[in-house]
Participant: 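Encoded as structure tokens, here's the structure I'll be asking about.
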Amino acid sequence: MNNHPTYTILAAAFTIAITCAATLARADMDHMFGYGSTTAALAGSNRARSYDAFAILQNPALMSQKPEGEFTSGFLGAVDYFQDLENVVIDNPFIGGSSVRYGSVDTDVPDVFNFMLGSLWTLRDSHPEEAWRFGMTLNVPADKVMEPQTKDIYQPQYAMYLANTHRLGLNFALSRKFGEKWSVGAGVAYYLMTGATVVARLPADGTPSKTSTANLRMIVKPALAPLLGVAFMPTENETWTLNYKGVKDARVATKFDSTIEALGSAPFIFNANGSIFYDPETFSLGYANVRGPWEYTFALDYERWSMFEGAVVKFEFETFTGTFRQYPFDTWYKDIWVPRVGLSYYMNPGYWRVGYAYKPSPTPELRRETNFLDSDRHILGLGYDWEGGLLGLVDKPVRWSTHLQGHYLNPKDVVKENSTDIGAPGYTVKGFVISYGINLTIHL
């Protein structure tokens with residue numbers, strides 16, 4: 001290994017980047033596709049009506065609408081079809097290159113294949129109408145716990161879909177009815193935060209008589225985000241709900257503390273921080289109406305993306321402040337309103353479901369160096385639920401749910417301000433994503 005200080009510093013910086021594992025903005029399964037096939041088919045419009053044991057993620061108060069306990073399991077997958085970018089600037093002196101260089105950008109993101117489990121239990125049977133309900137959901141990728149990865153914020157990438165659901169999700173909640181018309185629920189979403197310190201000594205002189213050393217210390221801490229909900233049923237056919245989901249900002253903070261002996265024991269110290277995953281604070285209003293074989297569901301979500309500090313690993317240099325600096329441009333996200341509507345119709349032996357949502361892009365403008373590829377999205381879902389058996393393994397019938405969901409990104413032309421900016425002279429943001437899945441629900 002060459003022990004020249006430049007190479008050692010570069011290797012250490014790369015280690016820090018991997019340690020930080022800071023990624024572009026990304027939302028979880030519920031924000032992106034909907035939790036479970038029925039919710040995905042209705043495009044998340046069922047904030048006021050629950051169909052399975054994933055009720056926590058629609059509104060924890062909905063658990064009290066269930067006459068008995070349930071267990072739901074299944075999987076949800078997704079594949080993307082984004083347009084690659086051709087003949088754009090991919091390197092320039094601003095990001096450390098020796099000159100302006102053109103090339104192609106592969107915009108493919110990892111496919112999704114997640115297993116999901118949900119359970120809903122009645123904690124007291126003496127008065128079922130006022131019984132406490134306890135619910136839990138678990139979401140995990142098929143082949144990993146999570147997949148954080150670093151990405152250059154300047155190189156174009158479909159940020160909102162980049163490994164957005166490649167992580168473990170765990171939620172708990174309690175709910176209770178109050179009288180015949182009201183129910184409330186509260187719970188928490190569990191996630192992780194990470195900190196690390198790297199201490200290095202860099203005496204490198206290019207000979208094997210001296211060597212560089214480094215030590216890494218990491219700590220992983222649990223964090224909780226609140227889940228709150230209230231449901232009101234003015235009639236047996238109507239339900240109104242309010243739902244709140246607290247922000248989940250899985251932060252990583254790293255301190256790099258080194259001494260460069262080749263420069264006279266010069267200290268080289270900086271801090272790096274960013275978000276591995278980020279789910280915005282969300283307020284939701286829901287309404288459901290059941291009329292014979294027809295079920296109508298409506299929801300309006302308000303997602304507070306402006307609280308997000310930006311999809312960038314931020315550096316704070318304590319030394320060499322005149323040499324190393326960072327100039328993140330276009331990193332201001334904006335709040336969005338997301339309307340959703342769904343329709344279900346019973347046709348023996350099951351329900352056909354269709355849903356639609358319109359999701360404006362919260363990402364920054366793309367006129368400068370940064371490139372967070374995203375556009376306003378149309379989300380269309382289609383699904384079918386029916387009751388059947390499970391190979392004779394359970395006495396009660398089980399409910400099967402399937403779905404297909406498509407995300408269509410409105411084409412958006414991007415033109416860079418400067419001919420040497422990353423992504424110049426410009427490109428078109430467009431593409432679509434297909435989600436699919438199946439669940440089964442067993443009554444307990």
Side-chain angles (χ1 to χ4, degrees), residues 20-23 25-36 39 44 47 50 52-64 69-76 112-121 123 132-149 163-176 184-196 218-229 243-253 273-284 301 303-305 307-309 439:
C20 286
T23 62
R26 56 190 67 175
D28 63 2
M29 182 76 76
D30 182 49
H31 281 92
M32 185 59 65
F33 302 110
Y35 216 91
T39 298
R47 302 295 191 200
S50 178
D52 48 39
F54 298 140
I56 299 174
L57 279 306
Q58 280 76 64
N59 186 316
L62 294 178
M63 295 190 299
S64 291
E70 289 183 334
F71 174 82
T72 302
S73 64
F75 73 88
L76 187 149
V112 176
F113 194 91
N114 284 27
F115 290 110
M116 296 176 292
L117 298 173
S119 60
L120 176 61
W121 303 88
L123 300 184
W132 286 91
R133 303 290 204 278
F134 171 77
M136 178 183 70
T137 65
L138 173 67
N139 163 57
V140 64
D143 60 343
K144 68 201 75 161
V145 175
M146 64 178 180
E147 185 184 358
Q149 58 179 297
N164 54 331
T165 61
H166 291 226
R167 53 172 156 158
L168 181 145
L170 188 60
N171 304 277
F172 304 92
L174 286 167
S175 74
R176 187 178 186 274
V184 298
V188 292
Y190 177 93
Y191 65 102
L192 302 175
M193 301 182 71
T194 306
M218 295 188 66
I219 184 170
V220 179
K221 294 183 177 181
L224 301 174
L227 304 173
L228 304 171
N243 188 40
Y244 171 78
K245 296 178 182 178
V247 62
K248 288 188 289 183
D249 191 358
R251 305 288 296 176
V252 290
N273 66 83
S275 295
I276 298 180
F277 298 107
Y278 185 87
D279 301 320
E281 182 181 47
T282 303
F283 301 84
S284 301
D301 297 344
E303 298 183 1
R304 295 191 62 193
W305 284 98
M307 297 175 64
F308 185 44
E309 293 185 359
N439 298 153

Participant: Side chain of Y35, backbone of N139: donor and acceptor closer than 3.5 Å?
Facilitator: yes

Participant: Closest approach of S119 and A53, non-hydrogen atoms and distance?
Facilitator: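 Scanning both residues completely, I find the closest heavy atoms to be N-CB, 3.9 Å.
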
Participant: Under the salt bridge (charged side-chain N to carboxylate O under 4.0 Å, His left out) rule, collect the residues that match up with D52, sequence neighbours excluded.
Facilitator: none

Participant: Which residues pass the side chain to side chain contact (heavy atoms under 4.5 Å, CB included) test with S64, sequence neighbours left out?
Facilitator: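 Side chain to side chain contact (heavy atoms under 4.5 Å, CB included) list for S64, sorted by chain: R133, S175, K177, S183.
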
Participant: Search all heavy atoms of P280 against all heavy atoms of H31 and return the closest pair with its distance.
Facilitator: O-NE2, 3.8 Å

Participant: For I56 and N171, work out which heavy atoms get closest and say how close.
Facilitator: CD1-O, 4.0 Å

Participant: Would you please name every residue forming a ring-ring contact (aromatic ring centres under 6.0 Å, His included) with Y190, sequence neighbours left out?
Facilitator: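 Result, ring-ring contact (aromatic ring centres under 6.0 Å, His included) vs Y190: none returned.
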
Participant: Listed by chain and number, what are the side chain to side chain contact (heavy atoms under 4.5 Å, CB included) partners of S284, not counting sequence neighbours?
Facilitator: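 Side chain to side chain contact (heavy atoms under 4.5 Å, CB included) check on S284 returns R47, N243, T282, D301.
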
Participant: Would you indicate whether the side-chain heavy atoms of F33 and T39 approach each other to under 4.5 Å?
Facilitator: no

Participant: Tell me every residue that passes side chain to side chain contact (heavy atoms under 4.5 Å, CB included) with A186, counting only those two or more places apart in sequence or in another chain.
Facilitator: L228

Participant: Within a strict 4.5 Å, meaning less than it, do heavy atoms of the F54 and N439 side chains meet?
Facilitator: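 Side-chain contact under 4.5 Å: yes.
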
Participant: Let me confirm one number: the CG-CG distance from L117 to L170, rounded to the nearest 0.5 Å.
Facilitator: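 The CG atom of L170 is 10.5 Å from CG of L117, to the nearest 0.5 Å.
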
Participant: Can you name the nearest heavy-atom pair linking G229 to P60, along with the distance?
Facilitator: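 Closest approach of G229 to P60, heavy atoms only: N-CG, 3.8 Å.
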
Participant: Which atoms form the tightest heavy-atom contact between S50 and A55, and what is the distance?
Facilitator: OG-CB, 3.1 Å

Participant: Students often mix this up, so state it plainly: with edges at 30° and 60°, are the rings of F113 and F75 parallel, tilted or perpendicular?
Facilitator: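 The arrangement is parallel - the two ring planes meet at less than 30°.
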
Participant: Mind checking the CH2-CE spacing from W121 to M63? Nearest 0.5 Å is all I need.
Facilitator: 13.5 Å

Participant: Not counting sequence neighbours, which residues clear ring-ring contact (aromatic ring centres under 6.0 Å, His included) with F172? List them please.
Facilitator: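 With sequence neighbours excluded, F172 shows a ring-ring contact (aromatic ring centres under 6.0 Å, His included) to no residue whatsoever.
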
Participant: Could you tell me which non-hydrogen atom of A189 sits nearest to which non-hydrogen atom of K248, and how far apart they are?
Facilitator: CB-CD, 3.7 Å

Participant: If we only count heavy atoms from C-beta on, is the R304 to F283 side-chain gap below 4.5 Å?
Facilitator: yes

Participant: Let me know which of F308, W305, Y244 forms a side chain to side chain contact (heavy atoms under 4.5 Å, CB included) with E281.
Facilitator: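 So, applying the side chain to side chain contact (heavy atoms under 4.5 Å, CB included) to E281 and each of F308, W305, Y244, only Y244 qualifies.
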
